[in-house]
Amino acid sequence: MKNIFKTMLPILAMAACVWTSCSDDKDKNDPTPEKPALPTITVSEPALSADNTKAVVTVTPSDDTEKWYWKCEPKGESAAAYTAVTGKEETKLEIPIDIDKDYVLTVYAENESGKSQEAVKEFIFKYEDLMDELVEFEIKNLSAFSMDVEVKKGAKCAKYVIGAIIKGYMGKDLETGLDKYEEIYKEAEFIESAELSLNPNKDYPMQPYNWSDVSATFNEQTLVRSALQDKDISESKGIILTALDTDETEVVVAIYAVDAEGKGTVFTKEVTVPDAELNGQVVASIEIPAGKIALRSFEATFTADANCAKMIVGQTDAGAIAKNSSKPFTEMSVAEIEASILKLGASVPVAYTQPFSKEFASKDMVPNTKYYVYAIPIDKQGKLGKIVYTGVTTGRPTFEGVGSITSVSFPEQTSPEKLLVDISVNENTTAVRVFWETSVPANLDWIMVDEASSNVQWIEYKVEDLGKLKTEENNGGLYILSPGSTYHLRAVTVDKDGKLSEIVDLVDKAGEGKNGIQTKAAEVEAPKEADFSGNGALTLAVVSSGDDEEAGWGYFAKLKVTKGQNTSKVYMVKGSDQKPNGLEAYVKDQKFFKEYTSDAVPTGMVSLILDENTSEKEITEKFDVEYEAQWGGGARIFVTLDNDGKFSMADYYIYGYGTMNDNISSGN
């Protein structure tokens, strides 16, 4: 059921619940190594059942509980006996009570190691304070960026989940192209998220919203949780009430309240977020200590007066501020700058109780560049105070160290992958940062200073490790990605105070000029060629040839191959579109011959025709086309392997052309 409240209902007053402990001496309760740890037990806030005659609580013993006990009695009396419950399961107690009477509920757990501390809840439900609804809530201190929601929990409410959701936005209908309002808040989806917040998934216990079992006040940060179950409520994600690029101003504040019997009811209020208006009197200031400014970061301290409740803080640059104006930043008035910052300030405010510091750091920040830090204070009534902003210029490289490089030399490279360098330094040096690349960037000065560039563009070596650079042992030397290229080497020293010396050209310091050092090229292995200097011999005869009637297309040739003297094996190589004057190069390029071993098995275009034990053989080969002088034709090339393991192209046959020595297209 959805309830939209216009007025607040009567207030539920509930006595404060207190925890006390009553346990034996520590020595008696400490478990031995063979026994389990002492158990623990928790009790929820008492809630009033629907029929107003029972107090309902949930008792949760720890896993090592064997038995637990409870009793509930009017305050000041001690006549009730404990009721024992065996097991460790979470249990709901329904305790008959009288309205308008104080009660004390006492619970403790027990196992063989001893008993837990007692959990004590003192409560009272009064006639005049019983609310008709499970919860009542009121929205206060509303501004463009913040609001407070005061929730009063009724006696019949066991617990509740609260959330804030943008109501919707004006989008486009994909079919018609017309404007169409798209709803974001949907009650069924909120209920699903609320149930998940109360009972998180065990595999991934993400809670969309926060829940409570007491009256409480929530703000723009705690109205949306989006955090894992074990995270503190302060780590809630929060809701940005004013978006950067939209005009949507409607927000739904929704509460899912659960009664003592577990039945949930939804209550909602719609909020119109007002335009940002600087109508408050709260004043803030920003201080940026010089010692907190680095190359790509700085720290700012924010201070406000006693009426400040929240504050939006951020950093930007002149371009982002001018983006919301038709003027360049230098021509904008203070009022125009403030108006632009108001648009940039769409974020979740932080609670303000005292001055605080915040570091602004980003890898996208540029050294020696001006940025702007701003603060939008919000007073306790939700009004926005005066915007304050100040400029800060990020650090610039400084080289004031007392360390120095005294000498440099380059030992001879032993492998193309490593450049060796011998660096000596003075007694004030603790480390050396070395840059080596095929080119020198224009901003090398701040790259050498910037810690974020470490292990990316330069590497820092401690003085005791410099010896590793002059040898390849133990993975020493400078690794070269492009052997044979000219490398430029630059270095700075680091002294005991962390200060850097001026950048040194190591090649120039070694007396080898200002144009870098030529590194050793990688050795290129000459392409392997098969040995075709053999003297094996064979006789190739064309037994017959003609149209391939069996296949119905193409041609055939029956060939007879006979070994000659000093011949161990005969291989045949198939080729298409081949001419006589290109056959030898074609054969030598075959991988089989280039990588030949005595046990190699021919594949692809190469096949074995005669082995060591065969002297002659007839084969029938089929051809697609007849030889043409322009295009060549199908070829069968015969290669001998002589007794010395060397190859020789002995003969060939091309259909329509003939053999090597008999240029005839038909049989001999």
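One-based numbering along the sequence shown.
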Participant: Any salt bridge between Glu150 and Lys140, counting N to O under 4.0 Å?
Facilitator: yes
Participant: Is it true that, when you exclude Glu182 itself, more than 12 heavy atoms of the residues, nucleotides or ligands shown sit nearer than 6.0 Å to its CD?
Facilitator: yes
Participant: Are the charged groups of Lys323 and Asp317 less than 4.0 angstrom apart, N to O?
Facilitator: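 No, this pair does not count.
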Participant: Ignoring hydrogens and angles, tell me if any N or O in the side chain of Asp98 forms a donor-acceptor pair with the backbone of Lys101 under 3.5 Å.
Facilitator: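 Flag not set: sc Asp98 to bb Lys101 has no pair under 3.5 Å.
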Participant: Measure across Lys383 and Asn279 and return the closest heavy-atom pair with its distance rounded to 0.1 Å.
Facilitator: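 The pair with the smallest heavy-atom distance is CB-OD1, 3.4 Å.
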Participant: Does Gln221 reach the main-chain N or O of Ser234 with its side chain, forming a donor-acceptor pair under 3.5 Å?
Facilitator: yes
Participant: Heavy atoms only: give me the nearest Pro39-Ser62 pair and the separation to one decimal.
Facilitator: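 Nearest heavy atoms, Pro39 then Ser62: CA-OG, 3.4 Å.
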Participant: What I'd like to find out is whether the side chain of Trp458 reaches to under 4.5 Å of the side chain of Ser453, using heavy atoms alone.
Facilitator: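 Counting from C-beta outward, Trp458 and Ser453 do come under 4.5 Å.
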Participant: Quick one: do the Ser325 and Glu336 side chains pair a donor with an acceptor below 3.5 Å?
Facilitator: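 No donor-acceptor contact under 3.5 Å links the two side chains.
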Participant: More than 12 foreign heavy atoms under 6.0 Å from CG of Asp275: is that the case here?
Facilitator: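 Not buried by this count: 12 neighbours or fewer within 6.0 Å.
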Participant: Sub-3.5 Å donor-acceptor pair from the side chain of Asn443 to the main-chain atoms of Trp446, do we have one?
Facilitator: no
Participant: Please determine whether a side-chain nitrogen of the Lys or Arg among Glu338 and Lys386 lies less than 4.0 Å from a carboxylate oxygen of the Asp or Glu.
Facilitator: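 Lys386 and Glu338: salt-bridged.
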Participant: Quick one: closest heavy-atom pair of Lys152 and Ser215, and the distance?
Facilitator: CA-OG, 3.5 Å
Participant: Which atom names give the shortest non-hydrogen contact between Ala37 and Asn111, and what distance separates them?
Facilitator: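 In terms of heavy atoms, the two residues are closest at O-ND2, 2.9 Å.
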Participant: Report yes if some heavy atom in the side chain of Ile139 is under 4.5 Å from a heavy atom in the side chain of Val253; otherwise report no.
Facilitator: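 Of all side-chain heavy-atom pairs linking Val253 with Ile139, at least one is under 4.5 Å.
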Participant: Can you tell me how far OG of Ser49 sits from NZ of Lys92, rounded to the nearest 0.5 angstrom?
Facilitator: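 Here the rounded value is 10.5 Å.
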Participant: From Tyr371 OH over to Ser297 OG, what is the distance, rounded to the nearest 0.5 angstrom?
Facilitator: 11.0 Å
Participant: Closest heavy-atom contact between Lys231 and Arg225?
Facilitator: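 Shortest heavy-atom separation between Lys231 and Arg225 comes out as O-NH2, 2.7 Å.
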Participant: Are the side chain of Tyr209 and the backbone N or O of Phe190 linked by a donor-acceptor pair below 3.5 Å?
Facilitator: no
Participant: What is the ring orientation for Phe298 with Phe360, classed by angle as parallel under 30°, tilted 30 to 60°, or perpendicular over 60°?
Facilitator: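 Judged by the thresholds at 30° and 60°, the geometry between Phe298 and Phe360 is tilted.
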Participant: Measuring only between side-chain heavy atoms, which start at C-beta, is Glu73 closer than 4.5 Å to Tyr103?
Facilitator: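 No, side chains not in contact.
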Participant: Could you walk me through whether Leu344 and Tyr374 satisfy the side-chain contact (heavy atoms from CB on, under 4.5 Å) test, starting with their C-alpha distance in whole Å, then the side-chain angles of each, then the deciding distance to 0.1 Å, before giving a yes or no?
Facilitator: CA-CA 10 Å; Leu344 295 174; Tyr374 59 83; 4.2 Å; yes
Participant: Using modelled atom types and a 3.5 Å cut-off, is there a donor and acceptor pairing between side-chain atoms of Thr91 and backbone atoms of Glu89?
Facilitator: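 Yes.
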Participant: Side chains of Tyr256 and Glu195: any donor to acceptor distance under 3.5 Å?
Facilitator: yes
Participant: Might you work through the side-chain contact (heavy atoms from CB on, under 4.5 Å) test for Trp70 and Ile95, ending with a clear yes or no?
Facilitator: CA-CA 11 Å; Trp70 71 274; Ile95 307 167; 4.0 Å; yes
Participant: Are a donor atom and an acceptor atom from the side chains of Ser197 and Asn210 found within less than 3.5 Å of each other?
Facilitator: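 There is no such pair between these side chains.
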Participant: If we only count heavy atoms from C-beta on, is the Val57 to Leu105 side-chain gap below 4.5 Å?
Facilitator: yes
Participant: Could you check whether any side-chain heavy atom of Gln381 comes within less than 4.5 Å of a side-chain heavy atom of Asn307, counting everything from C-beta outward?
Facilitator: yes
Participant: Verify the distance criterion only: is there a donor paired with an acceptor across the side chains of Ser116 and Thr40 at less than 3.5 Å?
Facilitator: no
Participant: Identify whether the distance between the nearest side-chain nitrogen and carboxylate oxygen of Lys310 and Glu220 falls below 4.0 Å.
Facilitator: yes
Participant: Would you check if the side chain of Asn219 reaches a backbone N or O of Thr222 as a donor-acceptor pair within less than 3.5 Å?
Facilitator: yes
Participant: Looking only at side-chain N and O atoms, does Glu250 offer a donor or acceptor that is under 3.5 Å from a partner on Thr272?
Facilitator: yes
Participant: Evaluate Phe329 against Tyr372 for ring pair (Phe, Tyr, Trp, His ring centres under 6.0 Å), listing each step before the verdict.
Facilitator: CA-CA 12 Å; Phe329 178 80; Tyr372 291 86; 5.0 Å; yes
Participant: State the CG-CD1 distance between Leu342 and Ile312, to the nearest 0.5 angstrom.
Facilitator: 8.5 Å
Participant: Do Tyr181 and Tyr169 pass the ring pair (Phe, Tyr, Trp, His ring centres under 6.0 Å) test, and can you show the C-alpha distance, the side-chain angles, and the key distance before you say yes or no?
Facilitator: CA-CA 6 Å; Tyr181 186 76; Tyr169 66 95; 7.6 Å; no
Participant: Are the side chains of Val104 and Phe123 in contact, using a 4.5 Å heavy-atom criterion?
Facilitator: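 With C-beta onward as the side chain, the pair stays apart.
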Participant: Within a 6.0 Å radius of atom CD on Gln281, are there more than 12 heavy atoms belonging to other residues, nucleotides or ligands?
Facilitator: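 Counting other residues, nucleotides and ligands, CD of Gln281 stays at 12 neighbours or fewer.
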Participant: Under a 4.0 Å N-O cut-off, is there an ion pair linking Lys167 with Glu183?
Facilitator: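 Answer for the salt bridge query: no.
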Participant: Under the side-chain hydrogen bond (donor to acceptor under 3.5 Å, both in side chains) criterion, do Glu118 and Thr106 qualify, and how do the steps go?
Facilitator: CA-CA 6 Å; Glu118 292 180 341; Thr106 306; 5.4 Å; no
Participant: Rounded to the nearest 0.5 Å, what separates atom CD1 in Ile293 from atom OG1 in Thr393?
Facilitator: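 One finds 7.5 Å between CD1 of Ile293 and OG1 of Thr393.
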Participant: Taking Thr394 for its side chain and Thr369 for its backbone only, find out whether a donor-acceptor pair lies under 3.5 Å.
Facilitator: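 Here the side-chain-to-backbone pair exists.
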Participant: Keeping Ser193 on the side-chain end and Glu189 on the backbone end, is there a donor-acceptor pair under 3.5 Å?
Facilitator: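 Indeed, once roles are kept as given, a pair shorter than 3.5 Å links the two residues.
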Participant: Are the side chains of Ile97 and Thr53 in touch, meaning some heavy atoms are under 4.5 Å apart?
Facilitator: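 No, every pair of side-chain atoms sits at 4.5 Å or beyond.
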Participant: Taking the six-membered ring of Phe137 (Phe, Tyr or Trp), confirm whether the NZ or CZ of Lys269 is under 6.0 Å from its centre and within 45° of its axis.
Facilitator: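 Output yes; distance and angle both within limits.
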Participant: Please test Glu122 against Lys75 for salt bridge (Lys or Arg N to Asp or Glu O under 4.0 Å), starting from the C-alpha separation and ending with a verdict.
Facilitator: CA-CA 8 Å; Glu122 184 178 328; Lys75 186 176 181 181; 2.6 Å; yes
Participant: What distance separates Trp68 CH2 from Thr86 OG1, expressed to the nearest 0.5 Å?
Facilitator: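 If I round to the nearest 0.5 Å, the distance is 10.0 Å.
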Participant: Ser143 side chain to Ser146 main-chain N or O, any donor-acceptor pair under 3.5 Å?
Facilitator: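 Pair found, side chain donor or acceptor close to backbone of Ser146.
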Participant: Could you check Val151 against Tyr160 for side-chain contact (heavy atoms from CB on, under 4.5 Å), going step by step and ending with a plain yes or no?
Facilitator: CA-CA 10 Å; Val151 181; Tyr160 62 91; 3.6 Å; yes
Participant: Look up atom CD in Gln229 and atom CE in Met206, then write down how far apart they are to the nearest 0.5 Å.
Facilitator: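 It is 11.0 Å, given to the nearest 0.5 Å.
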Participant: Taking the six-membered ring of Tyr69 (Phe, Tyr or Trp), confirm whether the NZ or CZ of Lys71 is under 6.0 Å from its centre and within 45° of its axis.
Facilitator: no
Participant: Out of the candidates Ile376, Val373, Thr316, Ile337, only one should pair with Tyr389 under the side-chain contact (heavy atoms from CB on, under 4.5 Å) rule; please name it.
Facilitator: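 So, applying the side-chain contact (heavy atoms from CB on, under 4.5 Å) to Tyr389 and each of Ile376, Val373, Thr316, Ile337, only Ile337 qualifies.
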Participant: Between the main-chain N or O of Lys380 and the side-chain N or O of Asn141, is there a donor-acceptor pair closer than 3.5 Å?
Facilitator: yes
Participant: Using every non-hydrogen atom in the two residues, find where Ile447 and Gln457 come nearest and quote the distance to one decimal.
Facilitator: CD1-OE1, 3.5 Å
Participant: Do Asp63 and Thr65 come close enough that some side-chain heavy atom pair is under 4.5 Å?
Facilitator: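 Result no, sub-4.5 Å side-chain heavy-atom pair not found.
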Participant: Report the C-alpha distance between Leu241 and Met147 in whole Å, list the side-chain angles of each, state the deciding distance to 0.1 Å, and finish with yes or no for side-chain contact (heavy atoms from CB on, under 4.5 Å).
Facilitator: CA-CA 9 Å; Leu241 300 182; Met147 65 177 170; 4.2 Å; yes
